[in-house]
Amino acid sequence: MSTTGEYVPDGAGGRSRGAAGPWWWPRRRSMVLDVSLAFVSAVECLLEGAAFAEKTGISPVVTGLFGLLVGSVLVLRRRWPVLVVLVSIAVTPAQMGILLSIVGLYTLAASDVPRRIIAVLSGMTMLGMLIVTFLEMHGDLGAAAYHAPLAVVALTSVLAAVGVTAPPVLLGLYVGARRRLVESLRERADGLERELSLLAETATSSAERARMEERTRIAREMHDVVAHRVSLMVVHAAALQAIAVKDPEKASASAQLLGDMGRQALDELREMLGVLRAEPATAARAASAAAVSAASVVRVAAAAETIAPAGPAAAAEAEEDEQGPCLAELRRLLDESRATGMDVELTVEGEERPLAARVEATVYRVVQEALTNVHKHAPGAWARIRLAYREAEVAVLVQNGPSDGAPALVLPSGGNGLVGMKERVTALGGGFAAGTTHEGGFRVSAMLPA
């Protein structure tokens, strides 16, 4: 519905076909109604024009054509309601256009025309009809030689004028107010629907972001845990291959098999990490890669048990707390590296105290990944670890010297070690730095709020 009461289809392409018919069906019904009203009004004005011609002596043809033209104006009531009312006011002295006046006032009051214009035009219509009715009744009574009191004629004229103008105006005001209320409620519902859609999109984005963060966290955990343990298996296998004396051929073949399986497990792990950091649609591939990698690690562990019996350290290493490792397990981690022949020293500064579980797990993972990098890239190098407990923070420094010249282990590397350490530390609001030293070694430092 337009501001003047004209029906306008919703949307650029109109409303979709529904139970009430196609989108153009209400507009077609409105046009049929307007044409029908205009036809009835034209016939009425034609008859009234003929009666007016008898009183004034004007040609009936002229008044008839004029009446047809005036009555047909009603077809424009939705587009130009003010024009229709003005025409009805103009022909009031000719005593024609009663239907034109009633329907025009209703359409005007129901439209979005300013109220002051509605009041002025309604008042003009009422005043014109009052004057015409008063003069007509007074003349008719005078012609009939019946002298009625002037007050009675005036009261009758007022009631007639009010009875013709007030009901359509009041009904139009009610219908217009109701239509505006419905449109306001529809706009509010559309606004709420858009807000709900926006909230749904925001919730979807938040859920997707949470899934990606969880995938990245799982990737870091798998990298830190599995990569470190498999790297140690490769180191042990290389040492075993070098020192086997009892059955050199069998020991060498078994150790070589152990190393190959460990490298295969790392390759599969790196592929899984890449999938976890990629598109969400590849989650099924990530789960498959995780299963393959886990199976490979189990095979490597079984092969290690066939070569050398697992000791208490290996059994403890197999246990993984659901809440993550703590700093109490740090010395056991260093013992595992010492078992491979690495010179590792730990220095603790300040008073040791329990920290938040995530802080202790992050410090543990930083030391674990740093030692793994020493095993892979600087074989035979010494490693020094400094752990400082401060009042509001805890700091860790892992520094290693240059390699002693032994060939580096040929282990696959996805480049996610330093990235994962930095992500862990910064996620807790800490600072992270890594780089080479002047002596040709490497250092990793992290500071986390306690």
Side-chain angles (χ1 to χ4, degrees), residues 2 4-7 27-111 113 117-144 153-154 156-173 175:
S2 67
T4 59
E6 180 186 11
Y7 177 81
R27 184 174 184 178
R28 181 177 179 181
R29 288 186 301 178
S30 301
M31 293 178 61
V32 171
L33 176 62
D34 292 345
V35 171
S36 301
L37 290 175
F39 176 77
V40 175
S41 177
V43 173
E44 177 202 352
C45 291
L46 174 63
L47 299 177
E48 292 171 345
F52 182 74
E54 293 178 0
K55 294 179 181 180
T56 59
I58 304 175
S59 172
V61 177
V62 176
T63 57
L65 293 177
F66 181 74
L68 289 175
L69 179 62
V70 170
S72 301
V73 174
L74 194 59
V75 77
L76 304 175
R77 70 184 184 94
R78 295 181 186 271
R79 186 174 296 273
W80 295 304
V82 175
L83 175 63
V84 174
V85 175
L86 288 175
V87 171
S88 69
I89 295 174
V91 300
T92 299
Q95 300 179 8
M96 66 172 61
I98 300 299
L99 180 62
L100 177 68
S101 177
I102 294 175
V103 177
L105 287 175
Y106 164 79
T107 306
L108 178 67
S111 66
V113 175
I117 297 179
I118 297 175
V120 170
L121 294 179
S122 300
M124 292 173 60
T125 303
M126 184 182 297
L127 180 61
M129 193 166 295
L130 173 63
I131 295 174
V132 171
T133 304
F134 179 82
L135 294 176
E136 182 69 19
M137 289 183 63
H138 189 270
D140 291 343
L141 292 176
V153 175
T156 304
S157 301
V158 169
L159 292 177
V162 172
V164 173
T165 58
V169 172
L170 295 177
L171 180 60
L173 291 175
V175 172

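Worth saying up front: this structure is predicted, and the values here are computed from it rather than measured.
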Of Leu171, Leu170, Leu173, the one forming a side-chain contact (heavy atoms from CB on, under 4.5 Å) with Tyr106 is Leu171
Which of Leu105, Val164, Val158, Val162 passes side-chain contact (heavy atoms from CB on, under 4.5 Å) with Met126? It is Val162
- Message: For Ile98, is there any backbone N or O sitting under 3.5 Å from a side-chain donor or acceptor partner on Glu44?
- Response: yes
About how many Å separate [atom2] of [Y] and [atom1] of [X], when rounded to the nearest 0.5 Å?
X	Y	atom1	atom2	result
Arg77	Leu33	CZ	CG	5.5 Å
Leu100	Ser41	CG	OG	4.5 Å
Ser101	Leu99	OG	CG	9.5 Å
Leu83	Leu76	CG	CG	7.0 Å
Ile131	Thr92	CD1	OG1	10.0 Å
Leu108	Trp80	CG	CH2	15.5 Å

I need the minimum non-hydrogen distance between [X] and [Y], along with the two atoms involved.
X	Y	result
Pro168	Ile102	CB-O, 3.4 Å
Ile118	Ala109	CD1-CA, 3.9 Å
Leu74	Leu37	CD2-O, 3.5 Å
Thr165	Val169	O-CG2, 3.1 Å
Val73	Val84	O-CG2, 3.7 Å
Gly67	Cys45	O-CB, 3.0 Å

Task: Check against side-chain contact (heavy atoms from CB on, under 4.5 Å), Thr125 and Ser122 - done: CA-CA 5 Å; Thr125 303; Ser122 300; 5.7 Å; no
